[in-house]
Amino acid sequence: MYQQELNAACDYAHSFLYQGAVATYIPQLSLADPGALGACIALPTGEHFCCGDCETRFTMQSISKLVSLILALQTSGYSKVFSKVGMEPTGDPFNSIIKLETMSAKPSNPMINAGAIVISSLIDSPTPFEDMLEFTKKLTMDEGVALDEKVYLSEKNAGMRNRAMAYFMMSEGIIEGDAESYLDTYFKMCSVGVTARGLANLGLVLANDGVDPHTGERLAEDWMVRIVKTFMVTCGLYDSSGEFAVKVGIPSKSGVGGGIVSSVSDLMGIGTYAPALDKKGNSVGGVRVLEYLSQNLNLHMFAKR
Ligand code: GLN
């Protein structure tokens with residue numbers, strides 16, 4: 001049943017890909033194939049259902065914000081983290097600067113770029129990126145996870161807007177220490193290569209409240225996972241999060257590399273890859289796959305099961 005529905009979801013999504021375009025503001029991302037589409041469902045039993053470009057490696061981009069938030073909560077604790085970053089959705093684009101000056105230098109939430117840069121300053125470790133990489137391998141159950149050096153250098157070169165935000169927040173005392181090293185950690189984390197299958201596994205761990213269902217190992221405390229999934233609902237698809245919550249209703253996080261990770265509590269993880277993006281930076285194909293699956297498998301978080 002899952003395989004059939006997934007195939008149908010991919011067929012449905014394919015017909016919308018032409019409406020999107022690959023990201024170009026990070027030059028290396030513009031090399032992606034706009035016609036690519038893959039999706040994977042991971043179940044607690046260890047079964048996987050895949051269609052299309054399920055094993056293609058692409059960079060996590062904003063999906064890394066989930067992993068870095070957990071690491072910051074683990075190493076700096078709840079109070080410190082939320083003294084530096086808020087909990088409110090913005091309704092603004094993910095790379096918007098405007099509220100930092102007009103509202104508060106404390107970023108509205110950890111899922112926008114400004115918030116994630118602060119979060120990278122709150123991973124209290126001498127090796128924040130290496131920790132993040134190891135943690136991502138575990139969460140995605142994928143030893144092949146690695147830094148994509150080309151995307152990283154491309155991001156670093158093109159990251160003027162992120163740099164501007166970091167230095168502004170430093171001038172306001174929100175970021176303390178070495179802004180360049182936090183930016184470097186952030187750029188690297190965004191440039192970690194994953195697959196749709198790996199994202200499905202990550203979604204599954206979140207669906208299972210932080211425990212890898214195959215090994216029984218707890219990878220994150222359940223209260224942290226609850227926070228992460230709440231942000232996925234309220235801020236996971238940038239300034240499309242409201243519409244996505246109404247139409248799909250599955251806690252999800254997108255990235256401009258074309259990935260979306262989704263978590264259906266107690267049931268499954270879903271990973272999608274389709275690098276053609278809509279105007280707000282969300283994967284056109286991924287959103288359509290999820291819309292189809294939500295309707296046909298009754299996955300909306302408020303659906304009666
Ligand atoms: N690395 C990207 C950036 O900083 C991440 C943004 C995203 O995926 N939305 O702009």
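In listed order, ligands and their atoms are each counted from 1.
Only the side chain of Cys190 comes within contact range of ligand 1, with a heavy atom under 4.0 Å; no backbone atom does. Proximity of Ile63 to ligand 1, defined as any heavy-atom pair under 4.0 Å, is not found for any part of the residue. The proximity of Arg161 to ligand 1, defined as any non-hydrogen pair under 4.0 Å, does not occur for either the backbone or the side chain.
Between the side chain of Asn201 and the main chain of Gly269, no donor-acceptor pair closer than 3.5 Å is present. A distance-only check finds a donor-acceptor pair linking the side chain of Asp148 to the backbone of Val151 [under 3.5 Å]. Of the possible polar contacts, none joining the Ser125 side chain to the Ile123 backbone as a donor-acceptor pair under 3.5 Å is found. The backbone N or O of Tyr292 lies less than 3.5 Å from a partner atom in the side chain of Asn296, making a donor-acceptor pair. Side chain of Ser76 to backbone of Leu73: no donor-acceptor contact under 3.5 angstrom is found.
The side-chain heavy atoms of Leu293 and Leu6, taken from C-beta on, include a pair separated by under 4.5 Å.
Close contacts between ligand 1 and Asn113 involve ligand atoms 3 (C), 4 (O), 6 (C), 10 (O) [criterion: under 4.0 Å to a heavy atom]. For ligand 1, the atoms lying closer than 4.0 Å to a non-hydrogen atom of Glu155 are 1 (N), 2 (C). Those atoms of ligand 1 with a heavy atom of Gly255 less than 4.0 angstrom away are 8 (O). Of all the atoms in ligand 1, the ones that sit under 4.0 Å from a non-hydrogen atom of Tyr238 are 7 (C), 8 (O), 9 (N).
Residue Lys65 places no N or O, backbone or side chain, under 3.5 Å from any N or O of ligand 1. For ligand 1, the polar-atom distance check finds an N/O of Val256 within less than 3.5 Å of one of the ligand's N/O atoms. At a 3.5 angstrom cut-off on N or O pairs, Ser254 does not count as close to ligand 1.
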Legend entry - From CA spacing to verdict: salt bridge (Lys or Arg N to Asp or Glu O under 4.0 Å), Asp209, Lys229: CA-CA 10 Å; Asp209 295 323; Lys229 287 197 281 193; 3.6 Å; yes

Inset, instruction - Would you check, one step at a time, whether the test salt bridge (Lys or Arg N to Asp or Glu O under 4.0 Å) holds for Arg163 with Glu180? - result: CA-CA 8 Å; Arg163 215 163 265 125; Glu180 279 304 327; 3.8 Å; yes

Inset, instruction - Could you go through the disulfide bond (SG atoms under 2.5 Å apart) check for Cys10 and Cys51 one step at a time? - result: CA-CA 7 Å; Cys10 284; Cys51 75; 2.0 Å; yes

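Protein heavy atom nearest atom 7 (C) of ligand 1, with residue, atom name and distance: Ser62 OG, 2.7 Å. Protein heavy atom nearest atom 2 (C) of ligand 1, with residue, atom name and distance: Gln61 OE1, 3.1 Å. Of all protein heavy atoms, the one lying nearest to atom 10 (O) of ligand 1 is Tyr25 OH, 2.6 Å.
Residue contacts with ligand 1 do not include Asn95, since none of its heavy atoms lies under 4.0 Å from the ligand. The shortest heavy-atom distance from Phe187 to ligand 1 is not under 4.0 Å.
Ring-plane geometry between Tyr12 and Phe16 is classed as perpendicular, the angle between the planes exceeding 60 degrees on a 0 to 90 degree scale with a lower cut at 30.
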